[in-house]
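Reading through the structure tokens given below for one structure.
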2 protein chains.
Amino acid sequence: MQDKITKLFKAIADPTRRDIFHALVIATSALSITQISNQFEISRQGVTKHIKTLQEAGLVVIDAQGRERFCNANTKPLQEINKWLQFYSQFWDNSLQNLGNYLNSKT
Amino acid sequence: MQDKITKLFKAIADPTRRDIFHALVIATSALSITQISNQFEISRQGVTKHIKTLQEAGLVVIDAQGRERFCNANTKPLQEINKWLQFYSQFWDNSLQNLGNYLNSKT
DNA sequence: TAAATACGCAACTTTTTGGTTGCTTAACTA
DNA sequence: TAGTTAAGCAACCAAAAAGTTGCGTATTTA
């Protein structure tokens with residue numbers, strides 16, 4: 001397909017995918033494909049496709065158990081976006097914000 | 001089209017568009033459509049379309065002068081992405097990074 | 001004023017994307 | 001073991017996106 005950062009940006013560019021990702025982040029336990037699709041209007045196959053896209057972006061990790069596939073959110077790849085933003089953040093102002101960005105860049 | 005944040009994410013999800021935006025950010029002066037298209041493989045019309053998308057996301061501001069349309073980058077909308085990331089950043093670790101994020105959230 | 005330049009608009013093509021349905025297979029459960 | 005449940009795969013469809021070409025129109029410049 002395309003490079004990592006593009007996969008990542010495309011994964012979160014779709015509102016439904018952002019919603020699914022968010023649901024997984026705030027879920028107290030991993031959710032199966034069926035459990036996810038119960039929460040959304042679209043079909044189970046539609047969810048499967050979105051999960052695949054999220055998985056390829058590294059934002060979802062799957063834990064297969066028997067016939068079920070439990071999906072976990074992984075927020076770490078979002079750090080790449082944070083890094084991407086860092087460069088541009090120097091242009092939007094130079095107050096405390098930049099201290100925050102500076103600290104981020106050092107961790 | 002769609003909501004603001006989706007427009008923004010979609011605008012930067014395309015690699016060509018990210019490149020155009022980057023070129024405008026680092027440019028020492030505003031660039032006309034033709035000047036931009038000279039730097040890229042795609043046609044002038046292709047550039048015009050990308051600029052329109054960036055403009056609708058607020059990432060480009062146009063200053064028309066005579067027959068030319070000078071494009072300026074505007075990084076401010078990217079703060080919205082930063083804000084979006086903030087919520088998820090609490091999950092990826094809790095060291096200095098969070099101090100940075102915390103400071104960002106207060107400005 | 002004639003030629004050249006900068007650009008918009010519209011139509012069109014191709015590819016990608018978001019979504020569907022139908023069918024199969026594997027794994028539980030009664 | 002028979003029925004049900006979870007999900008993958010493949011084919012398909014419609015709409016959106018990325019890009020093109022052709023043409024018209026304003027604005028410069030020679």
Side-chain angles (χ1 to χ4, degrees), chain A residues 1-24 27 29-73, chain B residues 1-24 27 29-73:
Chain A
M1 202 219 202
Q2 58 249 59
D3 63 294
K4 233 175 170 194
I5 191 85
T6 301
K7 271 189 203 171
L8 195 53
F9 277 130
K10 292 217 166 166
I12 59 169
D14 182 80
T16 305
R17 225 138 47 206
R18 278 201 307 282
D19 288 349
I20 292 176
F21 176 67
H22 192 80
L24 291 175
S29 65
L31 300 178
S32 71
I33 301 286
T34 305
Q35 285 174 329
I36 297 167
S37 53
N38 287 340
Q39 297 185 35
F40 291 87
E41 297 282 275
I42 60 172
S43 71
R44 182 178 56 78
Q45 291 306 331
V47 171
T48 297
K49 277 198 173 182
H50 282 310
I51 288 293
K52 198 179 171 188
T53 304
L54 289 166
Q55 196 188 341
E56 281 169 358
L59 293 168
V60 160
V61 174
I62 292 180
D63 173 26
Q65 299 229 340
R67 63 188 167 179
E68 287 166 295
R69 291 175 68 232
F70 291 101
C71 303
N72 298 279
Chain B
M1 199 215 204
Q2 58 249 57
D3 62 296
K4 234 177 170 191
I5 191 86
T6 300
K7 269 190 203 171
L8 194 54
F9 277 131
K10 291 218 166 165
I12 60 169
D14 183 82
T16 305
R17 225 139 44 208
R18 278 201 308 282
D19 288 348
I20 292 175
F21 176 68
H22 191 81
L24 290 175
S29 65
L31 301 177
S32 71
I33 301 286
T34 304
Q35 284 174 331
I36 297 168
S37 54
N38 287 339
Q39 297 185 34
F40 292 88
E41 297 282 275
I42 60 172
S43 70
R44 182 180 55 81
Q45 291 306 329
V47 170
T48 297
K49 278 198 173 182
H50 282 309
I51 288 292
K52 198 179 171 189
T53 304
L54 288 166
Q55 197 188 340
E56 281 169 357
L59 293 168
V60 160
V61 175
I62 292 180
D63 173 24
Q65 300 230 338
R67 63 184 168 184
E68 287 167 295
R69 291 174 69 230
F70 291 101
C71 304
N72 298 280

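Every chain is numbered from 1, with letters handed out A, B, ... down the list of sequences.
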field: 4.5 Å side-chain heavy-atom contact, B/L24 and B/I36
entry: yes

query: Can you check the A/Q2 CD to D/dA17 P distance for me, whole Å?
result: 15 Å

message: Expressed as a whole number of angstroms, how long is the span from B/L54:CG to D/dA18:C1'?
response: 13 Å

task: Determine the minimum heavy-atom distance between B/D19 and B/F40, stating which atoms define it.
output: CB-CE2, 3.6 Å

message: Is any side-chain heavy atom of B/L59 closer than 4.5 Å to one of B/T53?
response: no

- line: Closest heavy-atom pair, A/S32 versus A/F70, reported as atoms and distance to 0.1 Å, is N-CD2, 3.7 Å

5′-ward residue of the pair B/F70/A/D14 relative to DNA chain C: B/F70

- request: For DNA chain D, find the residues of residues 33-46 of chain A with a heavy-atom distance under 4.0 Å and give them by number; none if there aren't any.
  value: A/I33, A/T34, A/R44, A/Q45

- prompt: Taking CD from A/Q65 and C1' from C/dC28, how many angstroms apart are they, rounded to a whole number?
  reply: 14 Å

A/H50 vs C/dG19: side-chain N/O to OP1/OP2 distance below 4.0 Å: yes

query: Separation of B/K52 atom NZ from C/dC7 atom P, in whole Å?
result: 16 Å

- request: Provide the closest heavy-atom pair for B/T6 versus A/A13 in the form atom of the first, atom of the second, distance.
  value: CG2-O, 3.4 Å

query: Does B/T48 put a side-chain nitrogen or oxygen below 4.0 Å from OP1 or OP2 of C/dC9?
result: no

task: Nearest whole angstrom, please: distance from the P of C/dC7 to the CD of B/Q55.
output: 13 Å

query: How is B/S32 classified with respect to the nucleic acid when contacts are heavy atoms under 4.0 Å: base, sugar-phosphate, or nothing?
result: sugar-phosphate

- prompt: Heavy atoms under 4.0 Å, any strand shown: does B/K49 hit a base, just sugar-phosphate, or nothing?
  reply: base

query: Can you tell me how far C1' of D/dA16 sits from NZ of B/K7, to the nearest Å?
result: 15 Å

- request: Provide, to the nearest angstrom, the distance between the CZ atom belonging to B/R17 and the P atom belonging to C/dT16.
  value: 15 Å

- prompt: Between the side-chain atoms of B/R67 and the base atoms of C/dA6, is any donor-acceptor pair under 3.5 Å?
  reply: no

- prompt: Any side-chain heavy atom of B/I62 within less than 4.5 Å of one from B/I51?
  reply: yes

B/K10 NZ - D/dA15 C1' separation (whole Å): 11 Å

task: Report the residue from B/R17, B/R18, B/Q45 that forms a side chain to side chain donor-acceptor pair (under 3.5 Å) with B/H50.
output: B/R17

